[in-house]
Amino acid sequence: MARIVHNYPVAPGCYRMGLSPGVDRVEPGQFVMIRIPGGLDPLLRRPFSVYNVLRGRGGGIEIVYKVVGRGTGMMASLGVGDEVDVLGPLGRGFPMPGKKERVVMVAGGVGVASLHLLAKRIGYGTLLFGGRNRRDARLAGDFRDLMEVKIVTEDGSMGRKGFVTEFVEEEIGEEGTVVYACGPSAMLEKVSCIAMDRGVRCYVSLEGMMACGMGVCLGCAVKADGAYRMVCSDGPVFRCDEIDWQGMDG
Amino acid sequence: MARIVHNYPVAPGCYRMGLSPGVDRVEPGQFVMIRIPGGLDPLLRRPFSVYNVLRGRGGGIEIVYKVVGRGTGMMASLGVGDEVDVLGPLGRGFPMPGKKERVVMVAGGVGVASLHLLAKRIGYGTLLFGGRNRRDARLAGDFRDLMEVKIVTEDGSMGRKGFVTEFVEEEIGEEGTVVYACGPSAMLEKVSCIAMDRGVRCYVSLEGMMACGMGVCLGCAVKADGAYRMVCSDGPVFRCDEIDWQGMDG
Amino acid sequence: MASKKRDGMRGAVDLSVDIGGMRLKNPVMTASGTFGYGIEFADYMDLKGLGAVVVKGLSLKPRAGNPPPRIVETPCGMLNSIGLQNIGVEAFVRDKLPLLRGLRVSVIANIFGEDVDEYSEVARILDGVRGISGVEINISCPNVKKGGIAFGTDPSEARRVVSAVRKATTLPIITKLSPNVGDIGTMVRAVEDGGTDAISLINTITAMAIDIERKTSKLSQPTGGLSGPAIKPIAVRMVWEAYRTARVPVIGIGGIMTADDAIEFMIAGAAAIQVGTANFVNPRTAMDVVEGIERYMKRHGIRKVGELTGSLKV
Amino acid sequence: MASKKRDGMRGAVDLSVDIGGMRLKNPVMTASGTFGYGIEFADYMDLKGLGAVVVKGLSLKPRAGNPPPRIVETPCGMLNSIGLQNIGVEAFVRDKLPLLRGLRVSVIANIFGEDVDEYSEVARILDGVRGISGVEINISCPNVKKGGIAFGTDPSEARRVVSAVRKATTLPIITKLSPNVGDIGTMVRAVEDGGTDAISLINTITAMAIDIERKTSKLSQPTGGLSGPAIKPIAVRMVWEAYRTARVPVIGIGGIMTADDAIEFMIAGAAAIQVGTANFVNPRTAMDVVEGIERYMKRHGIRKVGELTGSLKV
Ligand SMILES: Cc1cc2nc3c(=O)[nH]c(=O)nc-3n(C[C@H](O)[C@H](O)[C@H](O)COP(=O)(O)OP(=O)(O)OC[C@H]3O[C@@H](n4cnc5c(N)ncnc54)[C@H](O)[C@@H]3O)c2cc1C
Ligand SMILES: Cc1cc2nc3c(=O)[nH]c(=O)nc-3n(C[C@H](O)[C@H](O)[C@H](O)COP(=O)(O)OP(=O)(O)OC[C@H]3O[C@@H](n4cnc5c(N)ncnc54)[C@H](O)[C@@H]3O)c2cc1C
Ligand SMILES: Cc1cc2nc3c(=O)[nH]c(=O)nc-3n(C[C@H](O)[C@H](O)[C@H](O)COP(=O)(O)O)c2cc1C
Ligand SMILES: Cc1cc2nc3c(=O)[nH]c(=O)nc-3n(C[C@H](O)[C@H](O)[C@H](O)COP(=O)(O)O)c2cc1C
Ligand code: FES
Ligand code: FES
């Protein structure tokens with residue numbers, strides 16, 4: 001059981017939750033499975049990227065989550081001192097960039113959550129963040145100290161107007177760039193296409209319906225290299241050219 | 001939806017919860033059905049006697065509850081400002097004593113909850129309270145301003161030692177007394193026997209597994225006068241001589 | 001998206017349905033045994049806003065029902081073993097129906113018998129009674145020793161009951177099927193052969209909860225009937241299976257708590273639905289479901305609620 | 001009360017059980033498909049503390065399984081349509097079994113075939129392999145088109161599969177029954193005739209969840225299998241029914257989350273139990289269940305766990 005040390009709103013519908021004690025050795029891009037104790041409904045744990053690792057007494061982790069349904073709704077109603085059950089860290093994270101490689105991160109909304117720890121580890125590069133409006137862009141705030149941040153909003157209320165995918169092409173040079181992306185599946189597919197066209201390495205962090213988070217239920221399948229692989233244990237980070245994007249559920 | 005205005009421990013495993021706004025016209029002995037919003041488990045509402053009616057802005061009610069399982073466990077973890085769903089007031093309460101009638105109330109543990117509003121309305125008489133120990137006896141605290149309070153504890157740590165039922169006989173005179181009792185079913189049965197022996201009027205507040213609280217599921221049946229009657233809508237208060245104590249589930 | 005622009009959406013949507021000859025205001029009914037005789041809910045809603053009220057199962061003579069405990073909560077559900085306690089068909093017609101008539105809601109009488117004759121006798125008594133829109137034959141109650149589920153799991157017995165009731169009444173007949181069978185299609189065909197005008201499903205699933213301290217059933221009977229959200233996915237599947245076989249309209253029941261749940265059943269093939277256990281959790285559920293279906297239709301540009309029925313893409 | 005004073009309680013309680021010739025340390029197994037190949041859980045517990053590990057269903061050739069989405073949460077439960085993705089029996093014996101042997105836990109191989117020959121072929125490959133304590137025949141998977149549930153709902157087909165496997169192996173055989181039948185007793189007798197040494201039940205219940213925005217199943221298949229606490233009351237009832245017919249030991253499965261749940265199944269008639277979906281919610285569940293059963297036995301003065309089996313008072 002982990003105790004909630006903070007749980008506050010950071011952007012429309014998005015919260016940042018601190019949990020203590022922490023979990024062992026987290027790689028950027030790994031996730032935890034969280035369960036709210038109490039009733040048997042919702043039954044399953046919910047997966048969240050580790051947003052940050054907290055130092056100090058007992059240690060801790062942070063997640064940044066968006067309220068989309070019942071589980072996240074219940075999480076938002078919890079207060080400091082309440083307990084949740086944390087399993088992890090789980091999955092395979094992002095590989096670090098090669099020496100001299102340019103780094104471009106592409107995030108859609110709360111997708112920044114899986115990139116933050118990576119950004120902290122790398123400490124340079126460019127984040128292309130896409131959100132609906134200037135308030136969503138608060139999600140990219142923590143990245144400003146770490147790298148160059150470029151904002152794209154659907155309503156043009158901050159940064160450039162449009163979808164983040166429209167601006168990816170100009171951002172990635174030819175070779176010598178590595179792209180890290182997380183966000184909605186349609187966005188990831190577009191980013192992957194561009195990266196493959198340009199012949200640059202690109203890693204995407206996928207989502208999938210998960211029951212176990214540890215590779216045993218075979219629920220979170222994604223088609224990759226002609227076979228089903230598990231988002232939780234073979235991923236959530238995949239090289240974009242492994243994924244059979246046609247076989248993805250939209 | 002009612003907002004929790006307080007929720008604090010009053011005796012071992014027992015809490016007092018204030019809810020606002022209140023409910024309409026409560027009779028002593030009536031109850032409310034409470035549901036914690038969120039998941040679908042636990043599914044059913046839980047019944048609690050109205051302990052008190054709060055005046056002032058919006059009004060309110062109080063309940064005193066004991067943590068015995070999941071529903072009450074979740075209630076104990078709620079804080080001020082959280083919301084619960086309240087249905088009621090439901091059921092038929094206690095009839096008032098006749099003029100010149102002596103009043104004896106018999107309560108086992110948290111059973112006091114259904115008698116408190118009655119005690120406030122009547123304002124005289126004797127409460128015979130039974131608990132495990134002196135800390136349980138705090139449940140009878142509010143009655144001290146309203147009537148004479150006699151404590152019986154199982155461990156003798158306060159008042160007389162033993163079970164409350166051992167002291168009922170000496171408390172009730174012959175006729176001209178009315179007894180109101182609430183507590184575990186075995187205690188109510190003994191109290192009823194004594195009252196019937198002595199030929200005094202006696203009202204008991206029963207419990208039963210409830211789904212609807214409004215007489216439609218037919219779940220909370222109790223055998224009374226040879227037929228099944230519903231604790232929620234025909235009761236929870238019955239005249240002790242109506243009940244077929246043999247047919248009770250122990 | 002495109003569909004949102006349809007002309008119809010400027011006006012009102014049409015929620016009315018025709019179920020085996022009954023014209024109902026909307027497809028939302030209340031399930032038998034979970035809504036009393038209807039009157040109890042008049043404080044919580046205007047009953048005439050509902051498609052129909054299905055009353056507690058009626059037998060020829062009053063029935064006392066089973067001893068307590070009669071209900072127990074289970075994960076996302078409950079078991080009951082009420083045992084069809086009811087006041088009997090004659091007392092219902094005399095004492096309850098006049099009140100219901102006053103509330104101007106369609107009333108469906110759920111009926112039950114210990115043998116075929118009793119079923120048809122109850123149906124005969126209800127035939128021609130003003131204020132009854134139809135009968136629902138309960139051949140699927142798991143909580144009584146005689147009758148009930150014995151008819152509901154044997155196709156030829158089921159057909160026999162339905163044809164007897166068919167002869168006894170001119171009212172539209174709904175036959176309520178038991179989920180405790182291997183193949184629902186066989187039962188559907190049997191009751192259609194018997195002459196039913198519609199089918200409803202599911203009744204509760206036979207189930208059990210044990211008190212491990214006492215080593216006894218938590219109910220007074222060994223088993224009870226499981227209802228509530230826990231059974232919804234099973235019920236949706238059975239409605240989908242029944243729909244693919246049935247020539248008559250299918251009424252979906254099982255764990256409906258919200259309009260979204262009701263819509264799930266309709267997409268699977270239900271022409272109408274019944275709200276059961278949810279009435280206990282929130283007595284206003286059935287009205288909330290009516291309003292929620294209407295909102296969904298507007299949002300999706302659906303003009304007639306019947307367009308939803310069986311619209312699942314496989 | 002009195003029982004607490006029994007002498008035996010000063011010493012240890014005996015949790016061991018004999019299931020159709022398999023001597024197991026305790027009655028707690030993990031259910032097929034919910035515990036991977038076992039090895040994945042070695043970080044969370046000492047596997048040799050379990051009665052047995054039942055591995056993911058094995059077929060003759062590797063199977064890719066169904067497209068995503070393969071799982072969806074439902075009230076107090078989940079649906080899955082994995083479609084028996086597995087590495088095939090040979091890869092299992094070669095790559096996974098040696099690791100499991102190292103962990104010194106009894107291993108039961110859950111097997112599956114598209115026809116009778118495939119079942120017996122898989123059984124033959126496993127026969128005599130070191131580290132396999134028994135086979136569990138899955139005749140009840142609702143998520144594959146061929147085989148699986150077709151065998152599980154037809155008594156004579158079920159008997160045919162079991163007798164074929166019986167001829168192919170000297171290992172103890174457990175036959176895993178489907179809940180999607182009207183009368184479980186008929187299936188019990190059929191697989192006993194086929195020569196099974198034990199039966200296990202229930203597998204998942206065929207069920208459905210619909211995405212009302214897209215009007216499609218929430219799974220890539222129209223239906224999936226329901227598991228988790230939602231089905232527990234149904235599973236307990238079926239175990240009770242099976243126990244009253246069966247001559248062989250019954251293994252109870254379905255929604256077990258805690259030791260109390262496991263004890264419920266044992267009182268209903270289970271000689272052993274399997275923990276399924278709960279492994280996803282808390283990977284340590286199976287060990288917690290072992291410890292909880294032991295505590296319950298001490299508290300109730302039960303010396304041998306077998307005394308619990310079928311101890312329900314009716
Ligand atoms: C590896 C991984 C990392 C993730 N990291 C984050 C993160 O850092 N921050 C964040 O806000 N979200 C993250 N998600 C998504 C998050 O898990 C879901 O939003 C959450 O589970 C929804 O729970 P709910 O009960 O609120 O929604 P529900 O009421 O269950 O459903 C609402 C919606 O969420 C989807 N959903 C439900 N469960 C899952 C699940 N297990 N996996 C994916 N989608 C689901 C449903 O399909 C539905 O569309 C991550 C998902 C994965 C797989
Ligand atoms: C009319 C009435 C008035 C009541 N007033 C009070 C009160 O003022 N204060 C108080 O502390 N308790 C009161 N109770 C009892 C209270 O309702 C139960 O203790 C509560 O429902 C238990 O919920 P749970 O989820 O914590 O327990 P569960 O986990 O559901 O079960 C724990 C135990 O409580 C019993 N129980 C569960 N549900 C009910 C139910 N609906 N009715 C009766 N027993 C149940 C179970 O049989 C079990 O033994 C009253 C009961 C009734 C019928
Ligand atoms: C307490 C209770 C009593 C019931 N009584 C009847 C009845 O008399 N006749 C009948 O046909 N069904 C009866 N049912 C079954 C319901 O009408 C319904 O089919 C079932 O509960 C499934 O729906 P639900 O999950 O929405 O409750 C009863 C159900 C419950 C919970
Ligand atoms: C994701 C998943 C995969 C399963 N795979 C198998 C399988 O391969 N073979 C099998 O016999 N049962 C399989 N089952 C059924 C379980 O073993 C078990 O019978 C069922 O889930 C009921 O138990 P539970 O409610 O404890 O999960 C699977 C269940 C789930 C949830
Ligand atoms: S979530 Fe179970 S295998 Fe990935
Ligand atoms: S609780 Fe439903 S009739 Fe009393």
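Letters A, B, ... mirror the listed sequences (proteins, then strands); counts begin at 1.
Interface check for chain D: of the options Ile212(C), Thr216(C), Thr74(C), the most heavy-atom pairs under 4.5 Å are formed by Ile212(C). Looking only at heavy-atom pairs under 4.5 Å with chain C, the residue among Ala235(D), Gly255(D), Pro233(D), Pro75(D) that has the most is Pro233(D). For the set Val314(D), Asp260(D), Leu308(D), the count of heavy-atom pairs under 4.5 angstrom toward chain C peaks at Asp260(D). Ranked by heavy-atom pairs shorter than 4.5 Å toward chain C, the options Val181(D), Asp211(D), Ile231(D) are led by Val181(D). Most heavy-atom pairs under 4.5 Å with chain D, from the set Pro222(C), Pro179(C), Ser217(C), Gly228(C): that is Pro222(C). Ranked by heavy-atom pairs under 4.5 Å with chain C, the list Asp183(D), Ile263(D), Val239(D), Val72(D) is led by Ile263(D).
Under 4.0 Å is where a charged nitrogen must lie from a carboxylate oxygen, and between Lys215(D) and Glu264(C) no such pair does.
For Phe265(D), no part lies under 4.5 angstrom from a heavy atom of chain C. Heavy atoms closer than 4.5 Å to chain D are found in both the backbone and the side chain of Val236(C). Using a 4.5 Å cut-off between heavy atoms, Ser311(D) contacts chain C through both its backbone and its side chain. Interface remark: Leu79(C) contributes side-chain atoms only to the contact with chain D (heavy atom separation under 4.5 Å).
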- Between Thr223(D) and Trp240(C), is a side chain to side chain contact (heavy atoms under 4.5 Å, CB included) present by the stated rule, with each step listed? CA-CA 10 Å; Thr223(D) 63; Trp240(C) 180 66; 3.7 Å; yes
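Between Arg214(C) and Lys313(D), the shortest heavy-atom contact is O-NZ, 3.1 Å.
Note that the CD1 atom of Ile210(C) and the CG atom of Leu312(D) stand 5.0 Å from one another [nearest 0.5 Å].
With hydrogens and angles disregarded, no donor-acceptor distance shorter than 3.5 Å links the side chain of Arg237(C) to the backbone of Met208(D).
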